[in-house]
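So the structure is just underneath, and the comments pick up after that.
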Amino acid sequence: MAPRTRRTASPKFVIERDEDSGESSSGEEEEEEEEEEVGNVYDDSENDDVEGDDEEEAEETVEETKRREKKPITISLKKVCKVCKKTGHQAGFQGATYIDCPMKPCFLCKMPGHTTMTCPHRVATEHGVIPAPRKSTRHSVYYIFERQLRPHVPTIKPGFVIPDQVTCGVIRYHSRRVTCLEFHPTNNNILLSGDKKGQLGVWDYDKVSEKTVYGNIHSCLLNTMRFSSSNDGAVYGASSDGTVSCTDLETGLSVSMMDLNPDGWQGPNSWRMLYGLDVNSEKGLVLVADNFGFLYMLDTRTNDKIGEPVLIHKRGSKVVGLHCNPVQPDLLLSCGNDHFARLWDMRRLEGGSLGDLAHRRVVNSAYFSPQTGSKILTTAQDNRIRVWDSIFGNLESPSREIVHSHDFNRHLTAFRAEWDPKDPSESLAVIGRYISENYNGVALHPIDFIDVTTGQLVAEVIDPNITTITPVNKLHPRDDVLASGSSRSLFIWRPKDNSDTGQQKDERKTIVLGGKPDKKPNKKFGGDSDDSDDEPFSAKGKMSKAKPALRKKAKTR
DNA sequence: AAATAATGTTACC
DNA sequence: TGGTAACCCTTATT
């Protein structure tokens, strides 16, 4: 089963240009004269005589001043959609259900003519999956790495184990939003987390309260962390401050292996930021890439830069991701803001890429499949997850495109679909969802598990107490554990029914408050009830607002 | 509870 | 390529 595609013709690269998807413009100006009292408006262009915009009149008569003072400050104007500024409809939440602006293309699939409410992809994720075309060309990558890379997929797909229950977490662990997560390679219960401030968290989620945050390693966004597989005592980090850090977790001591901004801030045109990072253990290299399109290589023994930076994406554009092939150390994958993911032969970087994977928007991430390294999973800002089933294939088009809501938002860490490293069939991926679903009257943003070979939504996991979007997710390399970063909080998820007794696991969760304490301390927790577990996450505010039938997942569609 | 600030990045011309 | 407007389901705080 799962027939491998074989190619015979020479490689071809056709780059499709964006087809213009016009906007749905139906029923323009509905003449609805609904007048409303509004004190704050986004757009005052429609009401020319709003009070208070005549500042330049230096001299006023007393009469005028009086009149002005007496006149009630009532601004009458039409109710306007906050998205398109037109009247007759309103975008936004109605209770826990979001109503789209009908003037815009669908917020999910980006096609005009409907909204997310009626989008076919909302009902069935696999609806819009493009099946793999029968490919008949053999790409040059095949010949170069034929010996190392041979696609083999188990014929029988095992059932997926989904960690769908929060077992513990740290509320407000970080002082800013979480940007990346990484499990310790050998120490099973250690989770590292990076944040927007550049801080590095080390958390033993088995002893939930054992957590530290290192604050002096980076000065802003810690974008990627990775361990060396040859030395699990040190973790490398790439930051928007332009440095690469190497941190010893035992001592907390960190060294800066590279600084791309030695002269400090000289303006935005010269400030260099590092996003993608990976470790090539076989070659003893740390690879990082910057926001101007360049790749840098560092020697893990000497901590020195090797060679000159190489331009691997469009000049001046951000390289957001790097990934070394798990099987073939010479094979590198990159992705960036120039809408491409690219395959490289590390031995001949200057010779140009081995293949370019075209996307319609920025590519947030690109990962080789974890076992054979023969598939590629990409997440792009056009709300599509793509699967390139065989890197031996012609790379003109992906073999799967899965519509999934993971829009860019400047306040959110970019979404990345990631493989389950334990899945022998290399088909399960996890990614957070942007748009919410109304679950028993509460808007929640699930974490999706998708079978990327079929496009099927395998599971959408939620916790009624987590009402924030969860863009950062990491599956454990060995255990059935999901770590997720949502805003400033961290959570650990495990399968509902994985106890050897066959009984339901203890439902209680251990939630710890991290970071700075509440100004108005929650009574339930008192001052320092650090590992109180009598009530799940009632930290405060939104976290405790959502209180529908606990963990009863009931979708309302 | 309603308003707002903090916040960069992308798309497009 | 450089400059600049947009920005649409954020989150936390006041």
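Proteins get letters first, then strands, A, B, ... in listed order; numbering begins at 1 in each.
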Parallel, tilted or perpendicular, as decided by the 30° and 60° cut-offs, for the rings of A:Tyr434 and A:Phe107: perpendicular
Length of the CG-C1' vector between A:Leu412 and C:dT11, whole Å: 9 Å
From CA spacing to verdict: ring pair (Phe, Tyr, Trp, His ring centres under 6.0 Å), A:His323, A:Tyr367: CA-CA 6 Å; A:His323 192 212; A:Tyr367 295 110; 5.5 Å; yes
Rounded distance in Å - NE2 (A:His406) to P (C:dC8): 18 Å
Salt bridge present between A:Lys110 and A:Asp407 (N-O < 4.0 angstrom): yes
Separation of atom CZ in A:Arg172 from atom C1' in C:dA12, rounded to whole Å: 10 Å
Whole angstrom value for the distance that separates P of C:dC8 from CZ of A:Phe93: 14 Å
Spacing of A:Lys104 atom NZ relative to C:dC8 atom C1', expressed in whole Å: 7 Å
Donor on one side chain, acceptor on other, A:Asn383 and A:Ser405, under 3.5 Å: no
Check: A:Phe408 ring centroid to A:Phe415 ring centroid under 6.0 Å: no
Nucleotide C:dC9, atom P - distance to CG of A:Asp407 in whole Å: 10 Å
Sugar-phosphate, base or nothing in reach of A:Thr116, heavy atoms under 4.0 Å: base
Summary of protein contacts for nucleotides 7-13 of chain B, nucleotide by nucleotide, where a base hit scores B, a sugar-phosphate-only hit scores S (4.0 Å, heavy atoms): BBSSSS-
Touch class at under 4.0 angstrom, heavy-atom based, for A:Ile469 against every strand present: sugar-phosphate
A:Lys318 to A:Phe292, cation-pi by 6.0 Å centre distance and 45° axis angle: no
Span that lies between the P atom of B:dT7 and that of C:dA6, in whole angstrom: 22 Å
SB check A:Asp195 A:Arg176 (cutoff 4.0 Å): no
For atom OH of A:Tyr98 and atom C1' of C:dT10, their distance in whole Å: 12 Å
A:Lys82, nearest nucleotide to its side chain (from C:dC9, C:dT11, C:dT13): C:dC9
Residue mapping more 5' on DNA chain C - nearest nucleotide basis, A:Val83 or A:Ser487: A:Val83
Touch class at under 4.0 angstrom, heavy-atom based, for A:Ile435 against every strand present: base
A:Arg122 CZ to C:dC9 P, straight-line distance once rounded to whole Å: 15 Å
5′-ward residue of the pair A:Phe107/A:Arg315 relative to DNA chain C: A:Arg315
